[in-house]
Amino acid sequence: MDGDDVYWLESRPQEGGRSVVVRRAGDVLPAPFNARTRVHEYGGGAWTVADGTLYFSHDVDRRLYRLDPGGEPAPLTPAHDFRYGDGVIDKRRRRWIGVREDHRAAGREPVNTIVSVEAGGAVRENERVLAAAHDFFSSPRLSPNGRRLAYLAWDHPRMPWDGTTLYVQALDEAGAPAGEPVEIAGGPRESIFQPEWAPDGSALYFVSDRSGWWNLYRREFSAPDTRVLAPMEAEFGQPQWVLGMSTYALVDDGRLVCSYVSKGLGRLAVVDTNSGVLTDIDTPYTDFSSVRAAGDAVVFRAGSAVSPAAIVHMDLSSGRSEVLRKATAVADDEGVRKYFTRVEQLEFPTEGNRTAFGLFYPAFNPDYTAAEDEKPPLVVKCHGGPTSAASSILDLRIQFWTSRGISVLDVNYGGSSGYGWAYRERLEGTWGIVDVDDCVNGARYLAEAGLVDARRSVITGGSAGGYTTLAALTFRDYFRGGASHYGVSDLAVLALDTHKFESRYLDSLVGPYPEKEELYRERSPLAHAQRLGAPVIFFQGDEDQVVPPNQTELMVEALRAKGTPVGYLLFAGEQHGFRKAESIKRALDAELYFYAVTVIGVGVRL
């Protein structure tokens, strides 16, 4: 939000996956510019706006640009091998402050820092480092008077949901660091998320999981004191896979608006920061992100199982809301909407006398009725991460399956977010076991309840979900086939050949490498490919730096050598996750066709 204007980002598959900054009046960023950063490879926080001027990272050359109203994009940074993200504007000193990732040293890890870049519109070689000496940084937040900079930092082998530290750095009149940064909260076993300054700079808000749940906290500076706001068994934070995330915003004196997740579904609420009382806001949505506010107005991204992702503007005084933009208008067409199935929250028994969770989408098509003795096939969907969660926002890729008579279970296996710290910790040292058990047990639960056909159950997933898919097909004898989208097949190769952000992620999921080399081999589908006899189709982007193509191709070759039915589609110009319309469509069509001819049977309508 910038004054009375609201800006948002649109990813457009029909434009080759270009990310475009937009406001109500139309596109702000002209083609062919692409507002995307690859800091941490996953990016996020690629752009910001101040007084009508857009500052953004261009994906093609990774440089930082400035775009004044009515002007043309002009670079602010030299053509070095830098990446920029998560920026804020220091209006007083006319500079951009954000995360910089330095990739100039070939063969070595990139160096992450927080820097300032002069934002006057000319390219200069005078970036000033404001914070360094940690492996990772995020969330730089400048105090209202510009004298203090808050930020998050963490180090290998931790991921940001394992443990981060919140620092405050004093700045002198020129904006240079004055003294050493002060630790405010966090540590190796406490995850801090999204610091924000109070409007008068007297306090700093943040989210911490110190209680076992990501809850809201307020740190006073006049008499150093930290207190929790609205404590509850719910998640006010999210795994920081990308930069620029926001689950709450300060709306006016004494109030903030926030989103939180309880038992897998989201809510919107207002918190009185003085009393700590939380009041829910009634909305039709179940998934929220990118919460921003100004005055009494709040803007957020939201959706539900029957409504697509949308940018929503809400007036808190009147309670009125307006949808500024929907990801798709297809749900407005009753002729299409009548084919949408409902979503059901599912809790089912799993190993160790525990329960796991998922979102179940029953097969549904009003034009057809199945025979009384026939149960629908099932697609079990594994989300990526694995520290992530299944979204309840309308996903036309799920409706693609259900409208064709195939049910879908989107599993929030142990290790998923949205259920507290203890649930996330279930996957510590057990990746490839707990997640696989939960996927199998969820499918078995539905089959035993008579809701799906166990003989026609398949499993699919992308990235870490692709690993879970391959592990389930290799080490369990339940699913009749599956699909790996840019999935991991060899854990040791991933530990040795991936990007900095995740280079030590497997320390917590499996164990340190090479000390646990035998365990890596034990859990790698590639090392046991002879045990995988079910049909599998693979999808891969040729520019993927997170899970390189060799991960997929080694597995494909091993399965072909032993005669297992296998398919492989390599998509040119795609990275980790497909962004082009033609890639997304072809992958869906190919996956359905592959199942139809190898597992499900020709009765499925193609």
Side-chain angles (χ1 to χ4, degrees), residues 264-265 286 304-307 330-331 333-350 355-382 390 392 394-413 436-461 469 472-473 476-483 533-537 565 567 588-606:
L265 295 181
T286 58
S304 73
V306 294
S307 59
V330 68
D333 184 341
E334 178 56 37
V336 175
R337 193 165 62 247
K338 71 177 183 179
Y339 293 99
F340 291 169
T341 191
R342 65 189 184 280
V343 63
E344 302 174 7
Q345 288 179 276
L346 192 69
E347 185 173 359
F348 55 87
T350 191
T355 60
F357 303 88
L359 300 175
F360 178 54
Y361 299 83
F364 175 73
N365 188 313
D367 298 337
Y368 297 90
T369 302
E372 290 185 6
D373 60 347
E374 184 180 6
K375 303 300 180 185
L378 175 69
V379 169
V380 169
K381 189 170 179 286
C382 313
S392 60
L394 174 67
D395 188 338
L396 297 179
R397 293 167 296 186
I398 289 178
Q399 304 294 336
F400 173 89
W401 297 108
T402 58
S403 62
R404 285 161 173 77
I406 303 169
S407 295
V408 174
L409 173 61
D410 206 349
V411 183
N412 275 325
Y413 46 78
V436 170
D437 286 339
D438 290 352
C439 288
V440 170
N441 287 327
R444 184 178 283 128
Y445 176 83
L446 291 173
E448 292 175 351
L451 298 175
V452 300
D453 184 354
R455 299 166 302 173
R456 296 187 292 171
S457 291
V458 297
I459 184 168
T460 184
T469 292
L473 293 169
R476 303 289 190 277
D477 186 23
Y478 186 86
F479 296 107
R480 302 307 171 94
V536 193
I537 187 168
L588 272 172
D589 286 341
E591 188 171 349
L592 174 62
Y593 180 81
F594 186 79
Y595 294 153
V597 299
T598 62
V599 179
I600 294 174
V602 295
V604 174
R605 183 177 177 85
L606 298 178

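Numbers here are sequence positions counted from 1.
The nearest pair of heavy atoms linking Ser403 to Gln399 is OG-O, 2.7 Å. The minimum heavy-atom distance between Leu409 and Ala443, with the atom names listed, is CD2-N, 3.9 Å. The two atoms that bring Ala472 and Ile459 nearest to each other are CB-CD1, 3.9 Å, heavy atoms only. Shown here for Pro366 and Tyr339, the closest heavy-atom pair between the two residues is CD-CD2, 3.5 Å. Minimum heavy-atom separation, Thr460 to Val379: CG2-CG1, 3.5 Å. Closest non-hydrogen pair, Ala534 versus Arg480, comes out as CB-O, 3.7 Å.
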Asp437 and Tyr413: side chain to side chain donor-acceptor pair (under 3.5 Å), yes or no, with the steps?
-> CA-CA 8 Å; Asp437 286 339; Tyr413 46 78; over 6 Å; no
Do Val343 and Tyr361 pass the side chain to side chain contact (heavy atoms under 4.5 Å, CB included) test, and can you show the C-alpha distance, the side-chain angles, and the key distance before you say yes or no?
-> CA-CA 5 Å; Val343 63; Tyr361 299 83; 3.5 Å; yes
Check the pair Phe400, Asp395 against side chain to side chain contact (heavy atoms under 4.5 Å, CB included), reporting the backbone distance first and the verdict last.
-> CA-CA 9 Å; Phe400 173 89; Asp395 188 338; over 6 Å; no
Candidate pair Ser407 and Leu378, rule side chain to side chain contact (heavy atoms under 4.5 Å, CB included), full reasoning = CA-CA 5 Å; Ser407 295; Leu378 175 69; 4.1 Å; yes
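Here the straight-line distance linking atom CD of Glu591 with atom CZ of Arg397 works out to 11.0 Å at 0.5 Å rounding. Taking OH from Tyr593 and OG1 from Thr598, the interatomic distance works out to 10.0 Å, rounded to the nearest 0.5 Å. Taking CG from Leu265 and CZ from Phe357, the interatomic distance works out to 11.0 Å, rounded to the nearest 0.5 Å. To the nearest 0.5 Å, atoms CG (Leu451) and CD (Glu344) are separated by 7.5 Å. Taken to the nearest 0.5 Å, the CG atom of Leu346 stands 7.5 Å off from the CZ atom of Phe360. Considering CG of Asp453 and CD1 of Ile406, their distance stands at 11.5 Å, rounded to 0.5 Å.
For the residue pair Asp438/Thr350, the side-chain donor-acceptor check at 3.5 Å is satisfied. Residues Thr402 and Thr341 bring no donor and acceptor atom of their side chains to less than 3.5 Å of each other.
When atom types are taken as modelled, the side chain of Asn365 and the backbone of Gly405 share no donor-acceptor pair closer than 3.5 angstrom. Checking side-chain atoms of Thr469 against main-chain N and O of Gly461 turns up a donor-acceptor pair under 3.5 Å.
The side-chain heavy atoms of Val440 and Phe479, taken from C-beta on, include a pair separated by under 4.5 Å.
Heavy-atom neighbours of Asp589 CG from other residues, nucleotides or ligands within 6.0 Å: above the threshold of 12. The number of heavy-atom neighbours closer than 6.0 Å to CZ of Arg476, taken from other residues, nucleotides and ligands shown, is above 12. Atom CZ of Arg337 sits in a crowded spot, with more than 12 heavy atoms from other residues, nucleotides or ligands closer than 6.0 Å.
Glu374 pairs by the side chain to side chain donor-acceptor pair (under 3.5 Å) definition with Arg456, not counting sequence neighbours.
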